[in-house]
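Structure first, then comments.
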Amino acid sequence: MNEAGEDTDRWTRWGAASGAQPLPESASELLAQLLELTPAPPAVPLPDVAMPAAEPGGAVLAALREAVGTEHVLTSRPVRARHATGLSTPDLLRRRRGRLHHAPQAVVRPADHAEVLALLDLCSQHRVAVVPFGGGTSVVGGLTPTAPAHITIDLSRLNEVLAVDAVSRTATLQAGLPAPRAAELLAEHGLTLGHVPQSYEYATIGGFAATRSCGQASTGYGRFDDLVTALTVATPRGTIRVGRAPASAAGPDLRQLFLGSEGTLGVITDVTVRVRPIPAQTHYEGWRFDSFPAGLHAVRRLAQEGPQATVLRLSDEVETLVGASGQGQSDGGCLLVVGYEGEQVNATAEMAAAVLAAQDGQPLGAEPGRQWQRHRFDAPYLRDALLDAGAFAETVETAAYWSRLPEVHERVRAAILDALPEGTLVLAHVSHVYETGASLYFTVICSPGSDPIDRWRTAKAAASDAIARAGGTITHHHGVGTDHRDWYAAEIGELAVDLLRTVKRQLDPAGILNPGILVP
Ligand SMILES: Cc1cc2nc3c(=O)[nH]c(=O)nc-3n(C[C@H](O)[C@H](O)[C@H](O)COP(=O)(O)OP(=O)(O)OC[C@H]3O[C@@H](n4cnc5c(N)ncnc54)[C@H](O)[C@@H]3O)c2cc1C
């Protein structure tokens with residue numbers, strides 16, 4: 001940690017070196033056979049990183065200090081660098097190379113909603129662009145605006161539970177609360193949010209709302225946007241509070257305007273969410289299906305006819321093979337992990353087993369469920385290890401209706417393999433399941449080549465085009481940021497883009513909030 005509480009150890013990695021995971025030996029062997037590994041050069045130390053010049057003009061700096069107190073306006077190079085990007089693989093590679101094209105001029109840490117309002121007011125007056133920053137885990141360029149200079153509003157001091165209504169089962173949480181701390185504080189009331197994305201360790205409540213995040217147990221608990229009952233938003237024109245009752249027919253639901261708005265319409269300062277009692281029982285188990293289409297069929301039956309599971313995660317043949325080789329076993333087919341949380345999970349599991357067996361599923365018992373639980377947060381650490389080993393690893397995600405899902409799976413795989421023809425592994429799974437369709441999440445592991453960032457840009461564009469052509473959405477849960485912006489505009493059409501621009505102009509007349517992100 002440095003003097004500003006920054007974890008410098010994490011600078012070029014997802015997690016602290018203390019949590020690092022070595023690649024399983026079998027995976028290292030497989031990689032060496034398949035890929036041309038380019039050993040990663042040592043990362044440039046944080047203090048030596050090149051970035052644009054610091055510090056806003058004197059008048060702005062004085063006004064920022066006046067608004068939040070001098071000690072909460074940070075301009076040191078390490079702090080600015082740490083807030084300059086998110087944590088996509090290209091972001092990590094830029095950090096390792098030690099060259100940042102964007103960095104905030106200052107990182108400002110307001111104490112509360114009133115200070116956020118004051119900051120937005122003064123930044124509007126001085127025409128200074130502003131980036132709201134939660135956990136900094138964006139993987140879509142959501143923290144890298146197109147404005148040449150900006151300041152970052154770091155929400156880490158808004159970190160309290162404001163209210164718990166145990167009768168209604170809601171809790172009001174401040175936006176900067178990291179997910180693990182929110183879980184700890186809710187657990188004191190015997191409650192849980194049930195929102196557990198893979199970025200759980202570092203992401204925040206405000207970030208979840210701003211990006212419409214989705215967790216590993218979304219099939220049972222719902223997406224984060226499903227959980228939100230109310231929001232408070234600070235905008236350059238004042239405060240908006242939406243969500244007065246559990247349901248309402250009072251006009252369009254304006255919560256939806258701010259959920260997924262990615263800091264372009266205002267800064268979310270608190271979020272009221274549905275919470276549930278911590279489940280009395282949990283049970284996770286594995287099933288095998290002969291093929292991905294067979295597994296998809298079975299999962300759809302469960303999603304449409306029940307009983308409802310909490311976790312449903314179906315890996316395709318390649319992901320199953322790679323996962324199984326890590327555990328020294330591999331008998332083909334596709335692995336489904338099913339989890340149940342709540343009361344009477346055994347009875348639910350038994351009813352679901354009858355449905356899965358009728359779809360030719362073969363029960364594998366509790367061990368695959370235990371393995372999944374043990375390793376559910378490993379992937380980002382394994383990405384660090386892959387980058388260290390000289391490989392490249394990144395993800396692509398989408399969602400589609402059931403009738404289109406097999407085609408989306410095929411087309412996106414083909415587009416990636418076409419763009420990265422040699423020794424590329426494309427693994428995929430379905431892990432967020434709805435009555436009408438599901439998400440698809442692809443992990444790509446390939447040789448880095450001489451310019452991995454550029455190579456990936458081409459492959460990602462091909463994958464995004466394939467998603468659009470096959471009828472998927474450009475993002476199911478990572479959000480739009482700058483990376484998906486053009487595909488998002490094409491997906492919603494010109495009139496809807498105009499509508500968004502009009503709303504933004506009303507709330508943010510000086511155009512200071514996250515310029516270039518989400519809204520084309
Ligand atoms: C390894 C890894 C795994 C991931 N796994 C998942 C996953 O399983 N599911 C999932 O949904 N996502 C996942 N993500 C993506 C990311 O974690 C989510 O988008 C998360 O919701 C971002 O939260 P954050 O607090 O880190 O937000 P940040 O990254 O800080 O910000 C994200 C965007 O929201 C804006 N923003 C942040 N806070 C506010 C606020 N209070 N008000 C207004 N705007 C704000 C920012 O300006 C930015 O545009 C993963 C990312 C990584 C790196």
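Just so you know, residue 1 is the first one in the sequence shown, and it goes up from there. Owing to the predicted nature of the structure, the values given are computational and were not obtained by experimental measurement. When a ligand or atom number is given, it counts from 1 through the structure's own listing order.
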Inset, instruction - Starting from atom 8 (O) of ligand 1, locate the nearest protein heavy atom and write down its residue, its atom name and how far away it is, to 0.1 Å. - result: Gln198 N, 2.8 Å
Inset, instruction - May I ask you to check if ligand 1 and Val139 share an N or O to N or O distance below 3.5 Å? - result: no
Legend entry - Thr269, portion touching ligand 1 at heavy-atom distance under 4.0 Å: neither
Legend entry - Ligand-residue contact atoms, ligand 1 with Gly263, heavy atoms, under 4.0 Å: 43 (C), 44 (N)
Legend entry - Polar contact flag for Ile268 and ligand 1 (N/O pairs, less than 3.5 Å): yes
Inset, instruction - Report, as yes or no, whether the 6.0 Å neighbourhood of atom CZ on Arg244 holds more than 12 heavy atoms from other residues, nucleotides or ligands. - result: no
Legend entry - Per-atom contacts of ligand 1 with Ser213, taking only distances under 4.0 Å to non-hydrogen atoms: 10 (C), 11 (O), 21 (O)
Inset, instruction - Verify, without hydrogens or angle tests, whether Asp91 (side chain) and Gly86 (backbone) share a donor-acceptor contact under 3.5 angstrom. - result: yes
Inset, instruction - Could you go through the side-chain hydrogen bond (donor to acceptor under 3.5 Å, both in side chains) check for Thr264 and Asn514 one step at a time? - result: CA-CA 5 Å; Thr264 59; Asn514 268 356; over 6 Å; no
Inset, instruction - Tell me which protein heavy atom sits closest to atom 24 (P) of ligand 1, plus the residue, atom name and distance to 0.1 Å. - result: Gly135 N, 3.4 Å
Inset, instruction - Find all atoms of ligand 1 within a distance of less than 4.0 Å from any non-hydrogen atom belonging to Ser138, and give their numbers and elements. - result: 29 (O)
Legend entry - Closest protein heavy atom to atom 27 (O) of ligand 1, given as residue, atom name and distance to 0.1 Å: Gly207 CA, 3.6 Å
Legend entry - Nearest protein heavy atom with distance in Å, relative to atom 13 (C) of ligand 1: Ser199 OG, 3.6 Å
Legend entry - Heteroatom proximity flag, Trp14 to ligand 1, N/O under 3.5 Å: no
Inset, instruction - Take Glu397 and Thr475 through the side-chain hydrogen bond (donor to acceptor under 3.5 Å, both in side chains) test and state the conclusion after the steps. - result: CA-CA 6 Å; Glu397 47 87 44; Thr475 172; 2.7 Å; yes
Inset, instruction - Could you tell me whether ligand 1 has any atom less than 4.0 Å away from a heavy atom of Gly266? - result: yes
Inset, instruction - Nearest heavy atom to atom 31 (O) of ligand 1 wins, so pick from Leu143, Ile205, Leu513, Leu92. - result: Leu143
Inset, instruction - Using distance alone, determine whether Ile517 and ligand 1 share an N or O pair under 3.5 Å. - result: no
Inset, instruction - Consider ligand 1: state whether an atom of it lies below 4.0 angstrom from any non-hydrogen atom of Gly136. - result: yes
Legend entry - Atoms of ligand 1, numbered as shown, that sit under 4.0 Å from any heavy atom of Leu87: 53 (C)
Inset, instruction - Dump the intermediate steps for side-chain hydrogen bond (donor to acceptor under 3.5 Å, both in side chains) on Thr443 and Thr395, then the final yes or no. - result: CA-CA 4 Å; Thr443 303; Thr395 61; over 6 Å; no
Inset, instruction - Check whether any side-chain N or O of Asp384 sits under 3.5 Å from a backbone N or O of Trp14 as a donor-acceptor pair, and report yes or no. - result: yes
Legend entry - Per-residue contact class, Thr211 against ligand 1 - non-hydrogen pairs under 4.0 Å: side chain
Inset, instruction - Can you sort out which atoms of ligand 1 are near Ala175, meaning under 4.0 Å from one of its heavy atoms? - result: 41 (N)
Inset, instruction - Could you see which bit of Ala203 sits under 4.0 Å from ligand 1, with heavy atoms only: side chain, backbone, both or neither? - result: both
Legend entry - Side chain Arg80, main chain Pro52, donor-acceptor under 3.5 Å: yes
Inset, instruction - Tell me which part of Tyr202 gets within contact of ligand 1: side chain, backbone, both or neither, using heavy atoms under 4.0 Å. - result: neither
Legend entry - Where ligand 1 meets Phe208 - atom numbers and elements under 4.0 angstrom, heavy-atom basis: 21 (O)
Legend entry - Residue, atom name and distance, where the atom is the protein heavy atom closest to atom 34 (O) of ligand 1: Ala210 CB, 3.5 Å
Inset, instruction - Return yes if some donor-acceptor pair links the side-chain N/O of Arg127 with the main-chain N/O of Ser124 below 3.5 Å, else return no. - result: yes
Inset, instruction - Apply side-chain hydrogen bond (donor to acceptor under 3.5 Å, both in side chains) to the pair Asp154 and Thr152, showing each step before the final yes or no. - result: CA-CA 6 Å; Asp154 179 323; Thr152 288; over 6 Å; no
Legend entry - Polar side-chain atom of Thr144 near backbone of Thr85 as donor-acceptor pair, under 3.5 Å: no
Inset, instruction - Fit a plane to each ring of Tyr441 and His429, take the angle between them on a 0 to 90° scale, and name the class: parallel (under 30°), tilted (30 to 60°) or perpendicular (over 60°). - result: parallel
Inset, instruction - Name the closest protein heavy atom to atom 9 (N) of ligand 1, giving the residue it belongs to and the distance to 0.1 Å. - result: Cys214 O, 2.9 Å
Inset, instruction - Test Arg223 against every option in His195, His432, His476 by the side-chain hydrogen bond (donor to acceptor under 3.5 Å, both in side chains) rule and name the one that passes. - result: His476
Legend entry - N/O donor-acceptor pair under 3.5 Å between Gln216 side chain and Arg376 backbone: yes
Inset, instruction - Can you pull out the closest protein heavy atom to atom 22 (C) of ligand 1? Residue, atom name and distance to 0.1 Å, please. - result: Thr137 OG1, 3.3 Å
Inset, instruction - Using only heavy-atom distances, determine whether the side chains of Thr232 and Arg241 contain a donor-acceptor pair under 3.5 Å. - result: yes
Inset, instruction - Answer yes or no: is there a donor N or O on one side and an acceptor on the other, between the side chain of Glu341 and the main chain of Pro279, under 3.5 Å? - result: no
Legend entry - Shortest protein heavy-atom distance from atom 7 (C) of ligand 1, along with the residue and atom involved: Pro197 CB, 3.3 Å
Inset, instruction - Using modelled atom types only, decide if a donor and an acceptor are shared between the side chain of Trp402 and the backbone of Glu435 within a distance under 3.5 Å. - result: yes
Legend entry - Heavy-atom donor-acceptor pair, Arg94 side chain to Ile453 backbone, under 3.5 Å: no
Inset, instruction - Consider every N or O of Pro132 and every N or O of ligand 1, then say whether any pair is closer than 3.5 Å. - result: yes
Inset, instruction - With heavy atoms of Pro380 as the reference, note each atom of ligand 1 found under 4.0 Å away. - result: 1 (C)
Inset, instruction - For ligand 1, indicate whether the residue Asn514 contacts it via side chain, backbone, both or neither (heavy-atom separation under 4.0 Å). - result: side chain
Inset, instruction - Just jot down the ligand 1 atoms closer than 4.0 angstrom to any heavy atom of Leu155, in number order. - result: 40 (C), 41 (N)
